[in-house]
2 protein chains.
Amino acid sequence: MPMRSVDIERVRALPLFQCAAQRTFDNLIAGAFLQKFPAGTTLLMEGDPVDFLYVLIEGLAELQGTWNDKETTLAVLRPVSTFILAAVVLDADALMTARTIERSDILMISGESVRRAMKEDAGFAVAVAEELSGCYRGLVRTVKNQKLRGASERLANYLLAEQVSQGGGPTLILPHEKRVLASLLGMTPENLSRAFANLTDYGVTVNGPQVTLLRPIALDRLAKPDRLIDSHLQPSAARVGMADRECRASAAGTIGALN
Amino acid sequence: MPMRSVDIERVRALPLFQCAAQRTFDNLIAGAFLQKFPAGTTLLMEGDPVDFLYVLIEGLAELQGTWNDKETTLAVLRPVSTFILAAVVLDADALMTARTIERSDILMISGESVRRAMKEDAGFAVAVAEELSGCYRGLVRTVKNQKLRGASERLANYLLAEQVSQGGGPTLILPHEKRVLASLLGMTPENLSRAFANLTDYGVTVNGPQVTLLRPIALDRLAKPDRLIDSHLQPSAARVGMADRECRASAAGTIGALN
DNA sequence: CGGCGAATTGACGGACGTCAACTGCTGTGG
DNA sequence: CCACAGCAGTTGACGTCCGTCAATTCGCCG
């Protein structure tokens, strides 16, 4: 429950916190909990009031939305990401359910203290606005991805993005169950299987969670990745120091670490 | 080009600006332009650097995304809304192109001065964060709408939302061409026609841009509107003063005034 | 060993996109 | 004033993509 100083430093290094005054940061973590959750734990249900800002320190988590007994995954989060920031800022009810996919370490910071810190520390308030901007743009990319691309195109782009995020080698490991991936990409598990089958012509080989891209150029020609949709290919950051805030926020899933 | 004081007051009254210090606000509008554009003008192209924060004062505008020669409408904006805020905050390239649908009056505020104002005025920075949060949540609703509902369900919900936004009477006027509506709802114009046809069984009558809802209860049973997707039905604002920031931002289209 | 759930495969149906033809409106120019 | 071109909207036919249902296989864990 008390935080290790290693973890404190990881949090302090987040874009969200690194510009905050030391005093602001201390106040924020003073009333914070670091908690371990097993896989499959629901942290927060859609529609519930939000009392905490969450920070995923270790593990894997998922944000999902529901309607009419149907469910969809809006994002898969990797460490280190914050989530549910927008609801915290507005003190509003959650629009998505948050669930752990793996055993996870999660830092919970009082929402009330976040709102107070923003009013007292302009640097922190700016950082919150920047974080939200990155999340917002991640979602814009998501919507474009969904509305403009077909199912196999979405999968192809996902694979290319994962490839670079896993070091650029020809073979990559899916970070979670295929059913979660299917939901993230906006299709059924059955259709994801077929989408993988479609991509065999483009050099995609599947073996359980392990996927190999034998003909990346052919796959790329199908996927047509675009810097205005796929956040992993950003131009050479002409304005230094920025850009990577947006990148980090968008690193998880096809899309963004959504707040 | 010089702003009328009427317009200045309308801008000042926006949630984004009403908490800003007078001095901050004066600096912001000091270097701002108020400009009139004819219908169909492209204000900003996808991929371009963003130099201004835009405020739609009068008229109607549209944000669209493109990929592989396909185009989709991400939002339709009504006065008074800001747009392209997120790109301004990050000083990043636009992810969407902005186009006027009708003749419009648009206020353009220097992006540089917005970023400076945030650093100097914590109240303004908080307001920016709140605005972005509302926009973000609008987009979350959009994604859920897209991924969880079928085409006629999206249309039905759009109609019910428009109905309340136009005073609650049985008949409403579509604010723009049906082709724009189709694109906003994620379908082709042909399919929008068919979706309207499907809804005749639920008391929906179409006559050009005029739509009448004869059996709102039946339509509602089909649409299953949900407060976690459809921003027009918010609970009774237990915490006063907030909530309507989110509502305003989400009032345009099925979805949000996207920034 | 037995059972459960994830993943795959096939068959089927429905939803949606595409193409084409037709209507009706509007603005233009002879 | 009317003829005509151009575009939005509608309708029909058709094909494809995708979801649903069912059966099967496989791996994991009790």
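Just so it is clear: chains get the letters A, B, ... in the order the sequence lines come, proteins before strands, and each one is counted from 1. Fair warning: this is a prediction, and the values are worked out from it, not measured in the lab.
The nearest whole Å value for the distance from the CZ atom in R154(A) to the P atom in dC17(D) is 13 Å. Computed from coordinates, the E190(B) CD to dG15(D) C1' distance equals 14 Å when rounded to whole Å. Atom CZ of R149(A) and atom P of dG17(C) are 18 Å apart (whole Å). Rounded to an integer number of Å, the gap from E153(A) CD to dC17(D) C1' is 12 Å.
With distances taken from any side-chain atom of E177(B) to the nucleotides dG19(D), dT8(C), dA8(D), the minimum falls on dA8(D).
Closest heavy-atom contact between R78(A) and L56(A): C-CD2, 3.6 Å.
Residues from residues 195-211 of chain A that place a heavy atom under 4.0 Å from any atom of DNA chain D: there are none.
Of the candidates L214(B), L155(B), L213(B), L222(B), V204(B) forms a side chain to side chain contact (heavy atoms under 4.5 Å, CB included) with just one, namely L213(B).
T66(A) and E71(A) share no side-chain donor-acceptor pair at under 3.5 Å. A donor-acceptor contact closer than 3.5 angstrom is absent between the side chains of T205(B) and T212(B).
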Would R149(B) and D230(B) count as a salt bridge (charged side-chain N to carboxylate O under 4.0 Å, His left out) if you check the C-alpha gap in whole Å, the side-chain angles of each, and the deciding distance to 0.1 Å?
-> CA-CA 12 Å; R149(B) 304 217 258 228; D230(B) 307 286; 2.5 Å; yes
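Comparing R194(B) and R179(B) against DNA chain D, the residue whose closest nucleotide sits nearer the 5' end is R179(B).
Here K70(B) does not reach the OP1 or OP2 of dG17(C): none of its side-chain N or O atoms lies under 4.0 Å away. Using a 4.0 Å cut-off, no side-chain N or O of N191(A) falls inside it from OP1 or OP2 of dC18(D).
Shown here are the ring pair (Phe, Tyr, Trp, His ring centres under 6.0 Å) partners of F196(A), two or more places apart in sequence or in another chain: there are none.
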Heavy atoms under 4.0 Å is the rule here; annotate nucleotides 24-30 of chain D 5' to 3' with B where the base is hit, S where only the sugar-phosphate is, and - elsewhere.
-> -------
